[in-house]
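Structure first, then comments.
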Amino acid sequence: MIILESSKQQRFQKDINKFTKLHLVKLENLRIIVDERERKSGIPDLLKSVGLNLEMKTLPIGDYIVAPETVVERKSIRDLMSSVFDGRLFDQCSRLKEHFQFPIVLMEGNVDEIEEIADNPMIFYGALSTVVIDFKIPIIPTPSAIHTAKLLVSLCSRNESTKGPYLKKIKKSNDLEKQQLSSLCSLPGIGEKFAVRMLEKFGTPLKVFTATTTELAKVEGLGDARAKRIKKVLESQSKYLKESNQKTLHDL
């Protein structure tokens with residue numbers, strides 16, 4: 001949990017008070033449904049401290065529902081990058097769009113971390129471009145939890161008079177085809193169109209991942225350059241690999 005200095009807490013309260021007076025917003029009329037797993041972020045406590053009505057639930061999609069059709073998926077810089085490279089991001093975006101009219105991805109943290117973590121930041125930015133252009137989901141950056149809380153208050157206040165149920169019956173995704181497409185869309189330069197063509201040619205994601213550069217290049221419209229970028233991502237050793245001094249039978 002994030003513990004704020006009293007000066008920062010006071011500044012937060014002051015900024016919220018200014019906002020509510022300027023926009024004639026009554027905090028007691030605002031409501032946000034928060035995923036239980038967000039407790040440790042400290043953001044729910046910040047929202048409670050200014051008088052917002054919070055309901056803590058285990059949400060199957062998103063982290064904050066600020067209106068019946070507006071959901072926010074909050075990700076730290078590191079989590080967002082991890083979700084790009086393991087393919088989770090596009091699957092989450094598909095489900096967000098499937099169930100909410102106005103989903104938002106919130107990117108929290110110092111963007112300079114991108115250069116420190118990613119070997120090739122352009123792959124990361126390519127994935128963000130896919131989210132914004134293909135999925136049509138806006139990505140909003142915030143530098144810290146306290147700014148995230150301010151943004152959530154602002155988003156929630158836009159829908160002060162909105163009526164309707166916030167929670168929806170959302171079943172866990174078990175759509176195999178969507179999951180296969182999402183895993184392929186995590187590759188550099190691959191949108192849904194190319195993902196479909198890959199499955200048409202190779203049959204399974206595994207066969208795509210194990211295909212040679214020459215074989216990938218034969219996918220209609222893919223080309224040599226994009227095929228080489230894909231193989232580089234798949235074959236480059238990750239810096240997260242843990243070294244071990246223990247010998248295996250293969251080493252003996």
Side-chain angles (χ1 to χ4, degrees), residues 33-38 57-108 114 118 122-141 148 151-152 155 164-209 216 219-222 226 229-230 233-234:
I33 297 179
V34 184
D35 185 72
E36 284 282 356
R37 289 157 289 196
E38 280 293 294
K57 304 282 186 181
T58 300
L59 300 178
I61 298 176
D63 297 311
Y64 299 88
I65 303 178
V66 298
E69 289 297 335
T70 306
V71 64
V72 176
E73 173 74 25
R74 184 187 76 90
K75 288 187 178 295
S76 68
I77 295 289
R78 288 180 179 272
D79 183 38
L80 183 57
M81 295 189 75
S82 174
S83 68
V84 166
F85 291 110
D86 66 16
R88 284 183 294 121
L89 180 61
F90 297 136
D91 182 52
Q92 289 174 325
C93 287
S94 294
R95 284 168 54 73
L96 288 170
K97 285 294 289 185
E98 181 181 353
H99 296 284
F100 291 90
Q101 187 176 357
F102 304 112
I104 296 167
V105 171
L106 191 152
M107 181 173 67
E108 182 184 293
I114 296 170
M122 294 308 296
I123 296 174
F124 175 69
Y125 286 123
L128 297 192
S129 299
T130 298
V131 173
V132 174
I133 297 172
D134 294 350
F135 288 98
K136 295 180 173 54
I137 298 178
I139 299 175
I140 303 178
T148 294
L151 175 63
L152 290 169
L155 289 170
Y166 276 36
L167 291 175
K168 301 181 178 184
K169 291 183 179 179
I170 299 173
K171 295 181 179 180
K172 187 175 180 179
S173 176
N174 60 356
D175 189 328
L176 180 60
E177 182 181 341
K178 286 185 178 180
Q179 292 174 355
Q180 288 178 323
L181 290 174
S182 294
S183 67
L184 294 177
C185 285
S186 67
L187 298 172
I190 301 301
E192 188 168 326
K193 178 178 68 175
F194 278 121
V196 170
R197 290 180 183 176
M198 285 175 159
L199 289 175
E200 288 175 343
K201 178 174 178 60
F202 295 102
T204 69
L206 179 60
K207 289 182 178 179
V208 174
F209 294 144
L216 287 173
V219 174
E220 182 186 351
L222 194 68
R226 198 171 342 211
R229 290 202 303 272
I230 290 171
V233 169
L234 294 175

| message | Before you tell me yes or no, could you show the steps for F100 and T70 under side-chain contact (heavy atoms from CB on, under 4.5 Å), namely the whole-Å CA-CA distance, both residues' side-chain angles and the distance that decides it to 0.1 Å? | response | CA-CA 6 Å; F100 291 90; T70 306; over 6 Å; no
| task | Could you walk me through whether V208 and I230 pass the side-chain contact (heavy atoms from CB on, under 4.5 Å) test, one step at a time? | result | CA-CA 10 Å; V208 174; I230 290 171; over 6 Å; no
| said: Please determine whether salt bridge (charged side-chain N to carboxylate O under 4.0 Å, His left out) holds for the pair D134 and K193, giving the CA-CA distance in whole Å, both sets of side-chain angles, and the decisive distance to 0.1 Å. | reply: CA-CA 10 Å; D134 294 350; K193 178 178 68 175; over 6 Å; no
| task | Apply side-chain contact (heavy atoms from CB on, under 4.5 Å) to the pair D79 and R88, showing each step before the final yes or no. | result | CA-CA 10 Å; D79 183 38; R88 284 183 294 121; 3.3 Å; yes
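Residues in residues 58-68 take part in these side-chain hydrogen bond (donor to acceptor under 3.5 Å, both in side chains) pairs, two or more places apart or across chains: E38-Y64.
Side-chain atoms of R95 do not come within 3.5 Å of backbone N or O of G62 as any donor-acceptor pair. A donor-acceptor pair under 3.5 Å is absent between the side-chain atoms of S82 and the main chain of R78, judged by distance alone. Under the 3.5 Å distance criterion, the side-chain polar atoms of E69 are matched with a main-chain donor or acceptor of Q101. Looking only at distances, a side-chain donor or acceptor of R197 sits under 3.5 Å from a matching main-chain atom of E220.
Taken from CE in M81 to CG in L128, the straight-line distance is 9.0 Å, to the nearest 0.5 Å. With rounding to the nearest 0.5 Å, the separation of CG in L222 from CZ in R229 is 8.5 Å. Rounded to the nearest 0.5 Å, atoms CG (L59) and CD1 (I65) are 5.0 Å apart. Here the straight-line distance linking atom CG of L155 with atom CG of L106 works out to 8.0 Å at 0.5 Å rounding. Atoms CD and CG, from Q180 and L206 in turn, are 11.0 Å apart once rounded to the nearest 0.5 Å. The structure places CG of L89 at 8.5 Å from CZ of F124, a figure rounded to the nearest 0.5 Å.
The two atoms that bring P188 and V233 nearest to each other are CG-CG2, 3.7 Å, heavy atoms only. Of all non-hydrogen atoms in G221 and R226, the two that sit nearest each other are O-NH2, 3.6 Å. Smallest separation of non-hydrogen atoms from F90 and A127: CE2-O, 3.7 Å. P103 and P138 make their closest contact through O-CD, 3.4 Å (heavy atoms, listed as atom of the first residue, atom of the second, distance). Contact between V71 and I61 at its shortest, heavy atoms only, is CG2-O, 4.1 Å. Between I190 and A195, the closest heavy-atom pair is CG2-N, 3.8 Å.
In this structure, the side chains of I140 and V72 stay at 4.5 Å or more apart for every pair of heavy atoms. Here the side chains of S186 and V84 are not in contact, with every heavy-atom distance at 4.5 Å or above. With a 4.5 Å cut-off on side-chain heavy atoms, F194 and L184 do not count as touching.
At most 12 non-hydrogen atoms from other residues, nucleotides or ligands lie less than 6.0 angstrom from NZ of K207.
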